[in-house]
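Notes to accompany the following structure.
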Amino acid sequence: MARPVWSGVITFGLVTVPVRMYAATEDHTTHFHQLQRGTNDRVRNKRVNERTGKSVGFDDIVKGYEIADGEYVTVEREELEEIAPGKSQVIDVSGFVEAEEVDPVYYVRSYYLSPGDEKYRKPYELLRAALESSAKTGIATFVMHSKEYLVALRAGENVLALHTLHWADEVRDPEEELSGLPGRQRSDSKELKTARQLIDSMSTAFHPEDYSDSYEARVRALVEAKAGGEELTPEEGPPEATNVVDLSEALNRSIERARSGKGGGGGRKTGSGRRKPATGDRTRPAKRRESGSKSGTGASKGRSRAGASKNTPPLRDLSKDELYRRAGDQGVKGRSKMTREQLLEALEAHTGSGSSGKAA
């Protein structure tokens, strides 16, 4: 079970609801230690005096704010503690706004709130249901770990969610920060109408479980492969930018592809690449892992091989991404640098040689 990171009360008007707060997300990033190359020796960070190179104890360190080149105002930890906001146990709701009024750029981190005790379930659910039925979001402030936060309080399906927000002066104005922003597109332009058709043809329900972190899967696969004396093939480079002259044609072809069900969304769960034997001096012999082995990469199981099923679409109807995955399944070498036509030719040659359906 998760542990609460904060506990207190929500107040709105004269109503007070005791709650506990829990982190709504967790980090799945693969974390590495730093080692000296060629050894298993850990590299540690040490606090040293920049001028003398000598180590400095934690108690001898103060904070310094640079007001001029090389000139600092020093501040003691005790001085910061004296001006920090007092410990607060109140999420003070100052008002309720339409949910769409809060630009997503303001959201920082998400938390779940639970009733502070079983006897407070009724007022908790009352607040949640009221927010849900009114489609409103509560705006509040509260203090956690000696820091004040601006937050949005909204209703989930069965839970109250709290989102910390950036303060207004923390959000940049794109008009001031970015150069070369284009003017607004005419609403009656042919390209805009076609782009809308493409969006309509690609519209779908959002199911987060349909998407996965393919890069993180490849990092873990890389670690596992190297531990087993293998290497991963390099990932294919990014696609080239669409030529402005060919924009309308590209939009129309995209619509046809989406309607035929061949359009693959970025980030959707896919295989994470094929492995090849590693080169160089190793203490263990390199080996190729069988395609059906458990690799922890998130690769889809039972993917059809080229030509292995009567229901398999013709190769020429497949996108470059789909051809690349087929090439990986067939063990085609050098595929990461191939164009779509080169992938097509390689797969057709591979299928014609009688190797269709065999894992590399």
Side-chain angles (χ1 to χ4, degrees), residues 1-6 21-88 105-111 142-151 162-167 169-172 177 212-232 234-235 267 272-273 275 278-284 295-298:
M1 295 289 290
R3 292 186 176 183
V5 297
W6 182 92
M21 188 167 71
Y22 302 81
T25 60
E26 60 184 5
D27 182 24
H28 68 186
T29 302
T30 300
H31 297 281
F32 294 92
H33 294 297
Q34 292 183 322
L35 306 177
Q36 183 175 358
R37 190 185 304 278
T39 74
N40 284 329
D41 300 337
R42 291 277 299 275
V43 175
R44 304 285 185 176
N45 294 323
K46 296 178 65 176
R47 298 181 179 89
V48 298
N49 183 306
E50 186 181 60
R51 179 177 57 82
T52 66
K54 296 181 178 180
S55 296
V56 180
F58 183 78
D59 292 337
D60 292 328
I61 296 176
V62 297
K63 294 182 181 293
Y65 184 87
E66 190 171 24
I67 57 176
D69 187 20
E71 184 178 350
Y72 296 86
V73 170
T74 59
V75 180
E76 298 286 346
R77 290 193 298 275
E78 294 76 14
E79 293 177 300
L80 291 174
E81 291 172 357
E82 289 175 0
I83 64 171
K87 182 179 180 181
S88 172
V105 74
Y106 282 87
Y107 287 95
V108 181
R109 191 170 182 184
S110 300
Y111 297 88
F142 87 113
V143 175
M144 180 171 64
H145 304 316
S146 300
K147 183 177 180 180
E148 188 172 20
Y149 292 90
L150 178 68
V151 299
L162 180 144
H163 307 274
T164 57
L165 304 174
H166 287 292
W167 298 97
D169 60 355
E170 295 177 323
V171 177
R172 293 175 173 177
E177 301 292 338
S212 64
D213 187 345
S214 58
Y215 173 72
E216 182 61 25
R218 287 188 64 83
V219 170
R220 294 176 183 176
L222 173 63
V223 171
E224 184 177 340
K226 295 196 73 172
E230 303 172 350
E231 286 184 354
L232 287 183
E235 190 71 5
S272 56
R275 298 171 179 172
T279 57
D281 184 19
R282 293 190 179 274
T283 57
R284 284 175 286 186
S295 63
T297 64

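Values in this document were obtained by computation on a predicted structure and should not be read as measured data. Counting from 1, the numbers follow the sequence of the chain as shown.
- Judged purely by atom type and a 3.5 angstrom limit, Glu66 uses its side chain to pair as donor or acceptor with the backbone of Gly70.
- In Arg42, the CZ atom is crowded: over 12 heavy atoms of neighbouring residues, nucleotides or ligands sit closer than 6.0 Å.
- Environment of CZ in Phe32: crowded, with over 12 heavy atoms of neighbouring residues, nucleotides or ligands closer than 6.0 Å.
- Proximity of a side-chain donor or acceptor of Trp6 to a complementary backbone N or O of Val143 within less than 3.5 Å is detected.
- Within the model, atoms CD1 of Ile61 and CG of Asn49 stand 10.0 Å from one another, a figure rounded to the nearest 0.5 Å.
- In terms of the side-chain contact (heavy atoms from CB on, under 4.5 Å) criterion, residue partners of Glu170 (sequence neighbours excluded) are, by chain and number, His166, Trp167.
- By the ring pair (Phe, Tyr, Trp, His ring centres under 6.0 Å) test, Tyr149 is found to be paired with Phe142, residues two or more places apart in sequence or in another chain being considered.
- The local environment of CZ in Arg47 is sparse, with at most 12 non-hydrogen atoms from other residues, nucleotides or ligands closer than 6.0 Å.
- Here the shortest heavy-atom pairing between Gln34 and Asn45 reads OE1-OD1, 4.4 Å.
- Across all non-hydrogen atoms, the minimal contact from Leu162 to Met21 is CD2-SD, 3.9 Å.
- Closest heavy-atom contact between Val43 and Leu35: CG2-C, 3.7 Å.
- Pairing each heavy atom of Val56 with each of Asp60, the nearest pair is CG1-CB, 3.9 Å.
- If you take NE2 on His33 and CZ on Arg44, they are separated by 8.0 Å, rounding to the nearest 0.5 Å.
- Looking at heavy atoms from C-beta onward, Leu165 lies in side-chain contact with Tyr107 at the 4.5 angstrom threshold.
- Rounded to the nearest 0.5 angstrom, Thr30 OG1 and Glu216 CD are separated by 3.5 Å.
- What you find for Pro4 and Tyr22 is that their closest heavy atoms are N-CE2, 3.4 Å.
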Checklist entry - Given the rule in the side chain to side chain contact (heavy atoms under 4.5 Å, CB included) test, do Arg220 and His28 qualify, once you have shown the distances and angles that lead to the verdict? => result CA-CA 11 Å; Arg220 294 176 183 176; His28 68 186; 3.7 Å; yes
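- Closest of all the heavy-atom pairs between Val5 and Met144 is O-SD, 4.1 Å.
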